[in-house]
> 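Handing you a structure now.
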Amino acid sequence: MDRMLHVHVRRCLGCGKCELACAFGHGDSGAPGVPRIQVLRRGPEAGTPVTCLQCHDAACVAVCPTGALARHPGTGAITLQDERCVHCRACVLACPFGNMVWDPAAARVAKCDLCGGAPRCAAFCPNGALVYARAPAAGAAP
């Protein structure tokens, strides 16, 4: 994974444009889907964007009984293979961060897939709180 979604909390205005971009990017027939990112509001103009951390040893992947969750070789994101999913929701319960959700309208699990390598949340963030960029080299200072 040579790129990752960087979150710069101090830049977040709490506007929710990332949530809207995600919802419409994952919607169907013009209707929004459930957003894979949420902004925890910390005041009138401050927020914390929260989304899947794409964990190295992901609990969601480990508990999936059908192997429906797997790391995408191009983006490094853990993606859902719908045809393999049996909708048991074990992955939703297993995520220690609460970043896997059940989408009742689509009757399926939803999680950040980095939009295939072009995250809409980052593209629509007006203040640069979300940036999709090169991952730091192993051992490099943050």
> What's the shortest heavy-atom distance between Tyr132 and Gly117, and which atoms?
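Answer, listing the atom of Tyr132 first, then Gly117: CE2-O, 3.2 Å.
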> Once rounded to the nearest 0.5 Å, what's the spacing between atom CZ of Arg89 and atom SG of Cys64?
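Reported value, rounded in 0.5 Å steps: 14.0 Å.
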> Any side-chain heavy-atom pair from Cys112 and Leu114 closer than 4.5 angstrom?
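Answer yes - side chains close enough.
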> Look only at the side chain of Asp2 and the backbone of Arg134, and say whether a donor-acceptor pair between them is shorter than 3.5 Å.
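Absent.
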> Kindly work out whether a path of hydrophobic side-chain contacts (I/L/V/M/F/W/Y, heavy atoms less than 4.5 Å apart) joins Leu93 to Val34.
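The answer is no; the residues belong to distinct hydrophobic clusters.
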> Would the distance check show the side chain of Asp103 and the main-chain N or O of Ala105 forming a donor-acceptor pair, the cut-off being under 3.5 Å?
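Such a contact is found between Asp103 side chain and Ala105 backbone.
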> Is the backbone N or O of Gly47 less than 3.5 Å from a side-chain atom of Arg41, with the two atoms forming a donor-acceptor pair by type?
no
> Search all heavy atoms of Cys60 against all heavy atoms of Met100 and return the closest pair with its distance.
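Looking at all heavy atoms of both residues, the shortest contact is CB-SD, 3.9 Å.
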> Using side-chain heavy atoms (C-beta onward) and a distance below 4.5 Å, is Lys111 in contact with Thr79?
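They are not in contact (no side-chain heavy atoms under 4.5 Å apart), so the answer is no.
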> So how far is it from Leu40 CG to Cys12 SG, rounded to the nearest 0.5 Å?
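Leu40 atom CG to Cys12 atom SG measures 9.0 Å (nearest 0.5 Å).
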> Is Glu45 paired with Arg10 through a side-chain N to carboxylate O contact shorter than 4.0 Å?
no
> Is there a donor-acceptor contact under 3.5 Å linking the side chains of His26 and Asp113?
yes
> Just wondering, do Ile37 and Leu130 contact through their side chains at under 4.5 Å, heavy atoms?
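Touching, per the 4.5 Å side-chain cut-off.
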> Quick one: does Phe97's side chain get under 4.5 Å of Cys55's, heavy atoms only?
yes
> Report yes if some heavy atom in the side chain of Phe24 is under 4.5 Å from a heavy atom in the side chain of Arg120; otherwise report no.
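No, every pair of side-chain atoms sits at 4.5 Å or beyond.
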> So which atom in Trp102 and which in His87 form the shortest heavy-atom distance, rounded to 0.1 Å?
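Between these two residues, the closest heavy atoms are CH2-ND1, 3.7 Å.
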> Side-chain contact test, heavy atoms from C-beta onward, threshold under 4.5 Å: evaluate it for Cys85 versus Arg108 and give yes or no.
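Sidechains of Arg108 and Cys85: no contact.
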> Side-chain contact, heavy-atom cut-off 4.5 Å: Leu20 with Pro32?
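Counting from C-beta outward, Leu20 and Pro32 never come under 4.5 Å.
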> Given side chains that start at C-beta, do those of Val61 and Arg71 come closer than 4.5 Å, heavy atoms only?
no
> Rounded to the nearest 0.5 Å, what separates atom CG in Leu53 from atom CE in Met4?
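Interatomic distance, Leu53 CG to Met4 CE, rounded to 0.5 Å: 8.5 Å.
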> Ignoring hydrogens, what is the shortest heavy-atom contact between Leu69 and Cys91? Give both atom names and the distance.
CD1-CB, 3.7 Å
> If I compare all heavy atoms of Cys95 with all of Asn99, which pair ends up nearest, and what's the gap?
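In terms of heavy atoms, the two residues are closest at SG-N, 3.3 Å.
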> Between the side chain of Thr48 and the main-chain N/O of Val9, is any donor-acceptor distance below 3.5 Å?
no
> Provide the closest heavy-atom pair for Leu5 versus Cys121 in the form atom of the first, atom of the second, distance.
CD2-SG, 4.0 Å
> Distance-only, no hydrogens or angles: does the His8 side chain make a donor-acceptor pair with backbone N or O of Arg11 under 3.5 Å?
no
> Would Thr51 and Arg36 count as having a side-chain donor-acceptor pair, cut-off 3.5 Å?
no
> Please answer whether the main-chain N or O of Ala31 pairs with a side-chain N or O of Ser29 as donor and acceptor at a distance below 3.5 Å.
no
